[in-house]
Amino acid sequence: MRIVVSGAAGFIGSHLCDRLLAEGHAVVALDNFLTGSRGNLAHLRGHAAFRLIEQDITQPFAIEGALDAVVNLASPASPKDYLDYPIETLDVGSAGTRRMLELSLEKGARFLLTSTSECYGDPLVHPQVESYWGNVNPVGPRSCYDESKRFAEAVTMAYHRKHGVQSNIARIFNTYGPRMKLNDGRVVPAFLDQALRGEPLTIFGDGSQTRSFCYVSDLVDGLYRLMLSGERYPVNLGNPREMTILEFAEQIRRLTGARSAIVYQPLPEDDPKKRRPDIAKARALLGWEPRVSLEEGLKLTVAYFRGLHATVP
Ligand code: UDP
């Protein structure tokens, strides 16, 4: 297949490009590098089946030649990034997603939207099932991301219903691994950076809020399977192993051998109290479930961050 990937220079986007190329597909990668990084794709420079175009997908653009699939990952994705770029986040989920859907329509290409567990907001149903409509504050600081992705899901379904676009929607839960940005503010890079520097780990709130962390290769495998499926409604992709943020901080200290203290800082507004995917649908439909344990995945991630620390003092 010849596949366009938007947000290709991001953390998940770059790993997906690797997987698509490994499967023998050709990739046309788009990114405007607002929050993505050229370094994430540097190893693909010169690859015969890979082409990188600097493009803001909220602006008009054309792709020459036939396409089989369009994968739309473009968006600031960490709370810090989308709070820094709220308008860009709203634009890319709305106008950007629409342009990518138009591209699918024009080329007769299938379409995969990467949506988010943030569609469930601060969930009142636990674990989160796809049929849950969510508890999103439409005017809170996170709404720029949550509502943008909810719009992206709605416009994807509209293009499917109105124009027959063969679309899929993934709801991605917390994912971690190499190529996360050291300073994107998310808990995995934040704790790892702090632990490797021997600085205190900053827990927001009392650390009783929960998250469930999925290693990036597992997530990418789920995306690939979903992209080849005929499922039009959202599918959760994430690792159902849930822990409190305090437990996670302790795990990071154990794994890195850091003597870092733990300090408590205010909980950001609307920070979800619980999050765990129900992945029964992905298991049944895609034969998918995560394979990499948190311990294994964190070891690989720690090695990557140690490498960064060796080059960036
Ligand atoms: N968090 C924390 N310390 C940090 C960064 C994040 O305690 O330095 C918490 C944050 O408040 C949230 C959880 O860790 O409850 C996961 O945050 P992240 O930004 O990684 O992603 P989210 O799941 O909120 O989108």
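Remember, it's 1-based here, ligands and their atoms both numbered in the order they're listed.
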In a table with atom names and distances, give each donor-acceptor pair under 3.5 Å that connects a side chain of residues 259-266 to protein atoms at least two apart or in another chain.
residue	atom	partner	partner atom	Å
Ser260	OG	Glu199	O	2.7

Please lay out, stage by stage, how Glu23 and Arg19 fare under the test salt bridge (Lys or Arg N to Asp or Glu O under 4.0 Å). CA-CA 6 Å; Glu23 296 286 342; Arg19 172 69 188 266; 2.8 Å; yes

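- Take Glu289 and apply the salt bridge (charged side-chain N to carboxylate O under 4.0 Å, His left out) test, not counting sequence neighbours, and it matches Arg283.
- Among pairs with a residue in residues 63-107, those fulfilling ring-ring contact (aromatic ring centres under 6.0 Å, His included) read Tyr82-Tyr145, at least two apart in sequence or across chains.
- Protein residues with any heavy atom under 4.0 Å from ligand 1: Pro79, Glu118, Arg142, Asn174, Gly185, Arg186, Val187, Ala190, Phe191, Thr202, Ile203, Phe204, Gln209, Arg211, Ile245, Pro268, Asp271, Arg275.
- Rounding to the nearest 0.5 Å gives a distance of 6.0 Å between CZ of Arg171 and OG of Ser115.
- The six-membered or imidazole ring of Tyr176 lies near that of Tyr215, with a centre-to-centre distance under 6.0 Å.
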